[in-house]
Amino acid sequence: MRRLFARFDRAFFAEAPAERLALLRLLVGGFALVYLCVRAVHFQRVSHLPPESFRPVGVVSLLSAPLPLWAVRSLLGAAIAAGAAFVAGYRFRVAGPVFGALLLWVLSYRSSWGMVFHTENLLALHVIALGLGAAADAHSLDARAARRAGAPAPAPDGRYGWPIRLLCAITVMSYFIAGITKLRNSGLDWATSDILRNYIAYDNVRKIALGDTHSPLGGALVRYRFLFPPLALASLAMELGAPLALFSRRVAVVFCSAAWLFHLGVLLTMAILFPYPLLGVAFAGFFELEKIRDLRRPRRASAAIGDGRS
């Protein structure tokens, strides 16, 4: 057991550069902030719903009745302000956890009116994971102030590695739980029967009946029964195999690609948008983001050599 815990400790707290964690803060926090701003009006509209529609979930279960509109607007405004500080890396030791808590509350409150928006769960968990780490030691106002005070540039350290590992673990577990849920509800019939095909057909018929946006492609594809067992098996394999992405960089690339294609398929066949993974932000933790800027350096060097020869 000691060896096992020691191995886990070395892996989970492996060193990582501060810049990688900071870039994750900018990507994930930036997405969350834009999402709050774009959906701000929608978040407030729930206050106009009948009080009897209020079904608190998650942290909102602390409430026994809906909040007044002024409180909803105040919490939303506070979340946006904390999000701006999160992205800028300003007083991050406070802004990080506060933004995570406020984002969780705002999203949970919106999901407490009869429909849980699963598309937002991973985003909220990622923001919380980053908010608990030292994600503002680079590319931030806090870092700029520290440099002016004479502090040295941060070296790679385990304190920059564990939030990234946690973020990746949250990602793969969310897909793994989805796969386990499919097996518990349907067993292997999920991959061998018409369950996926029937679900796509039902979802589109329901949306047509309600006058909602549906997928003409999904309606057309359900005519071809043979397509769906392979697609269902592929989605199940991606979800159940997701934890393997934590142990191999190559497997991580395969997992991220498969998960992205899965969400693209959901969008094309059921008109259900998961913007966070489709934009790739949900999978950013699996990659060495700080090396992206280095891709231009060989080109500049080649250009300089070419100029010298000429």
Side-chain angles (χ1 to χ4, degrees), residues 25-132 135-136 140-141 167 170 174 203 206-214 263 266-267 270-279 281-282:
R25 185 198 84 245
L26 291 171
L27 284 173
V28 175
F31 180 94
L33 179 58
V34 171
Y35 187 80
L36 284 178
C37 293
V38 171
R39 304 286 285 172
V41 174
H42 179 74
F43 290 148
Q44 298 174 59
R45 285 178 180 171
V46 295
S47 297
H48 301 294
L49 296 175
E52 56 270 19
S53 300
F54 185 61
R55 299 289 186 273
V57 298
V59 294
V60 183
S61 298
L62 297 172
L63 299 179
S64 58
L67 294 173
L69 180 58
W70 67 264
V72 173
R73 288 176 173 173
S74 297
L75 288 167
L76 176 60
I80 292 174
F86 184 101
V87 175
Y90 177 70
R91 299 186 182 275
F92 191 78
R93 290 185 178 181
V94 175
V98 168
F99 181 49
L102 287 172
L103 179 66
L104 179 63
W105 179 273
V106 170
L107 298 182
S108 298
Y109 190 80
R110 196 274 291 269
S111 290
S112 296
W113 295 86
M115 180 176 180
V116 177
F117 291 81
H118 299 288
T119 56
E120 300 166 345
N121 294 347
L122 191 58
L123 173 63
L125 292 174
H126 280 181
V127 169
I128 292 172
L130 291 172
L132 296 176
S140 67
L141 295 179
L167 187 144
I170 291 171
S174 68
D203 183 78
R206 180 182 62 84
K207 289 175 178 175
I208 292 174
L210 295 174
D212 199 359
T213 303
H214 68 285
H263 288 292
V266 170
L267 175 63
M270 292 187 286
I272 299 176
L273 176 64
F274 284 75
Y276 188 53
L278 271 176
L279 290 176
V281 182

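Small disclaimer: the values here were computed from a predicted structure and weren't measured. Sequential numbering from 1 along the given sequence is applied to the chain's residues.
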**Q** List, one per line, each side-chain donor-acceptor pair under 3.5 Å for residues 31-47, sequence neighbours excluded.
**A**
from, atom 1, to, atom 2, distance (Å)
Tyr35, OH, Glu120, OE2, 2.6
His42, NE2, Arg110, NH1, 2.8
Gln44, OE1, Arg73, NE, 2.8
Gln44, NE2, Ala40, O, 3.3

**Q** Can you list the steps and then say if Leu122 with Phe274 is a side-chain contact (heavy atoms from CB on, under 4.5 Å)?
**A** CA-CA 10 Å; Leu122 191 58; Phe274 284 75; over 6 Å; no
**Q** Quick one: pull up CG in Leu104 and CG in Leu123 and give me the separation to the nearest 0.5 Å.
**A** 10.5 Å
**Q** Any side-chain heavy atom of Val28 within less than 4.5 Å of one from Val127?
**A** yes
**Q** Say you draw a straight line from NE2 of His263 to CG of Leu278; how long is it, rounded to the nearest 0.5 Å?
**A** 7.0 Å
**Q** Say you draw a straight line from CD1 of Ile80 to CZ of Phe86; how long is it, rounded to the nearest 0.5 Å?
**A** 15.5 Å
**Q** Which heavy atom in Ala124 sits nearest to a heavy atom in Leu107, and how many Å separate them?
**A** CB-CD1, 4.1 Å
**Q** Of all heavy-atom pairs between Ala282 and His126, which one has the smallest distance, and what is that distance?
**A** O-CE1, 3.5 Å
**Q** Could you tell me the separation between the CG atom of Leu103 and the CG atom of Leu76, rounded to the nearest 0.5 Å?
**A** 10.5 Å
**Q** Calculate, to the nearest 0.5 Å, the distance between atoms CH2 and CG belonging to Trp70 and Leu75 respectively.
**A** 8.5 Å
**Q** Which pair of heavy atoms, one from His48 and one from Leu69, lies closest together, and at what distance?
**A** CE1-CD2, 4.3 Å
**Q** Just wondering, do Ile128 and Ile170 contact through their side chains at under 4.5 Å, heavy atoms?
**A** no
**Q** What distance do Ser112 atom OG and Phe117 atom CZ have between them, rounded to the nearest 0.5 Å?
**A** 11.0 Å
**Q** Tell me the closest heavy-atom pair linking Leu273 and Pro275, and the distance in Å.
**A** O-CD, 3.3 Å
**Q** Taking the six-membered ring for Trp, are Trp105 and Tyr109 parallel (under 30°), tilted (30 to 60°) or perpendicular (over 60°)?
**A** parallel
**Q** Looking at every heavy atom in both Gly89 and Ala136, which two are closest together, and how far apart are they?
**A** CA-CB, 4.0 Å
**Q** Quick check: closest heavy atoms across Tyr90 and Ala95, and the distance to 0.1 Å?
**A** O-CB, 3.6 Å
**Q** Around atom CZ of Arg93, are there more than 12 heavy atoms of other residues, nucleotides or ligands at under 6.0 Å?
**A** no
**Q** Are Ile272 and Lys207 side-chain neighbours, meaning at least one heavy-atom pair lies under 4.5 Å?
**A** yes
